[in-house]
Amino acid sequence: MRTKNDEELFRLVKVKNRNALEELYDRYGKLVYSYAYKFSNNQMEMSKEITQLVYLRLWTTQSHYTASKGKFINWLLTITRNICLDYVKKERRHKFMSDDDSIEYIADPKNKIDEHIDLQLIQNAKLELTEKQRRLINLLYWRGCTLKEIAKIEQEPLGTIKSRLHQTLKQLRLNLERGEQQ
Amino acid sequence: MNNDSKDLGEKKSLSDQSLLSDLIGADDEIWEAMHFDFEVVEEPLGLKEEVLNFVLESEDENVTPWGKIKTLIQSVRNQFTPLTTSLSAAMLLGIFMLITPLIQGPSVEKFSEISATMKLNVAEGEEGEVYGQAFLINKSGKEELVVNVFDFPQTKGQEVYQVWLIDNGQRQSAGIFRPDKEGYGVLTVDMSKLNSFDTIGITLEPNTNSKQPRGKKIVGT
């Protein structure tokens, strides 16, 4: 199994090969858990449940992954994010909304592991954003808030939030491109 | 938890897509880059076993016998287009029709038994060695009359021999025949449409149109 690439492993998972699923866990289980850990604002139980649901989805999904779609980890984290959003919706997202502390402070990672270059890139790119921009991205991406909800939380007009988001994404892309060139 | 209907293709969630489409210049690349904005943490001990057990146990719980059948049917259906289905059905029907006679095996033979035998003797005033036999045969509840005659003279022209069934003087025709060169003649009659009878007579008729005997009697019981 270790010699197989991700696409081959996933193809085996689709025909219910347990060893292939285990190998995919060995490769990406930690990343999925870490993603869920951040999304859940460091809640261990929720992160464990989400990790279970992600691998159940891999086991039962009718979707196909091919290498032409990009890296497997990108695809897997998209699934993870969708499951996180579903989970949070079910847990009544407004519970998080009303918890000002969790909104005020969403820890940015200080990653010490260099093996995933993407992690470094996005984190460096984010560091160059303003505090407000980072907050906006965190609420949007890591809390799954809509722009309307963010406007309410920030007590600012929706137009202002949209404009800030536009600027933030533009800045983020510039920062990413600069990071890739270095 | 089954979210397959939602995740076909594992697209980004709807709110993400509509949001991004609103933003000039925003693209998938940035959104995907956001996936990696997290710190890798150590997973709790035993998580791997928990995850694998959860997946496999969920599958066992979710798969009912009916679910298995549905999966099977679905996988079979996926193998067939309307054309291949029609061709396969026609082929199966053909095979079925071909092998049915072969696989029927030792079918129950129709039971046949003689329920009555009558001798046909030469009629009074007639000369010769003509004679015959009549058998009433019960074939599994269905009655048949078989008339055998021997040494019958050859017919001439349109002449035929006609068999009459007589009940209290009432005659009904059972059929006509011509003997072969040896004078041997046979007639089989389905009795389901004929009335019962007491005696049998055979006459030589000028043609096949006789409703009642017109010719001379050759043999009788």
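Quick note on labels: first sequence line is chain A, next is B, and so on, each numbered from 1. In this text, all values refer to a predicted model and were calculated from it rather than measured experimentally.
Heavy atoms closer than 4.5 Å to chain B are found nowhere in A:Lys170, neither backbone nor side chain. Both the backbone and the side chain of B:Leu47 come within less than 4.5 Å of a heavy atom in chain A. Contacts of A:Tyr25 with chain B are made by side-chain atoms alone, with heavy-atom separations under 4.5 Å and no backbone atom involved. Both the backbone and the side chain of A:Tyr55 come within contact range of chain B, with heavy atoms under 4.5 Å apart.
Ring to ring, A:Tyr28 and A:Phe72 are close: their centroids are under 6.0 angstrom apart. Under the 6.0 Å cut-off for aromatic ring centres, B:Phe54 and A:Trp59 do not qualify, their centroids lying 6.0 Å or more apart.
The side-chain tip of A:Arg81 points at the ring of A:Tyr141 from less than 6.0 angstrom away and within 45° of straight on.
B:Asn207 is not listed as a side-chain neighbour of B:Glu159, based on a closest heavy-atom distance of 4.5 Å or more.
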